[in-house]
Amino acid sequence: MNVLINRAGCIGCGTCEALCPEVYQIQEDGLAQIIAQPDGYLEDAAREAAGSCPVSVIEVEEE
């Protein structure tokens, strides 16, 4: 799986980071960024975070 964030549409709410901080992190500019691609046990949490994004800017690509 691969995750992407459209940072231009991010509102920096922090939901993704709260649900999966190993993959998502709010940067100094207040927007979310991918810090590592999920694997194994993190995939479910990364999917949940993507689905919980209030502005739907996180895309999950299944391999």
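The figures that follow rest on heavy atoms only: side chains count, while hydrogens, waters and symmetry mates do not. Predicted, not measured: the structure shown is a model, and the values here were computed from it.
Hydrophobic cluster membership is shared by Val57 and Val3, with clusters built from Ile, Leu, Val, Met, Phe, Trp and Tyr side chains linked at under 4.5 angstrom. Ile26 and Leu42 end up in different hydrophobic clusters when Ile, Leu, Val, Met, Phe, Trp and Tyr side chains are linked at under 4.5 Å.
Nearest approach of Cys10 to Leu31, heavy atoms of both residues: O-CD2, 3.4 Å. When all heavy atoms are compared, the tightest approach of Pro21 to Ile35 is O-CD1, 3.5 Å. Considering all non-hydrogen atoms of both residues, Ile11 and Pro54 come closest at CD1-CG, 4.1 Å. The minimum heavy-atom distance linking Ala50 with Val60 is given by the pair CB-CG2, 3.6 Å. Here the closest heavy-atom approach between residue Ala36 and residue Val23 is recorded as O-CG1, 3.2 Å. Of all non-hydrogen atoms in Ile58 and Cys16, the two that sit nearest each other are CD1-CB, 3.8 Å.
Considering only heavy atoms from C-beta on, Met1 comes within 4.5 Å of Pro38 through its side chain.
One finds the CD atom of Glu59 at 5.5 Å from the CG atom of Leu4 (value rounded to the nearest 0.5 Å). To the nearest 0.5 Å, atoms CD (Glu28) and CD (Gln33) are separated by 11.0 Å. Taking CD of Glu61 as the start and CD of Gln37 as the end, the distance is 8.5 Å to the nearest 0.5 Å.
Among residues at least two apart or in separate chains, side-chain hydrogen bond (donor to acceptor under 3.5 Å, both in side chains) pairs with a member in residues 5-24 are Arg7-Asp29.
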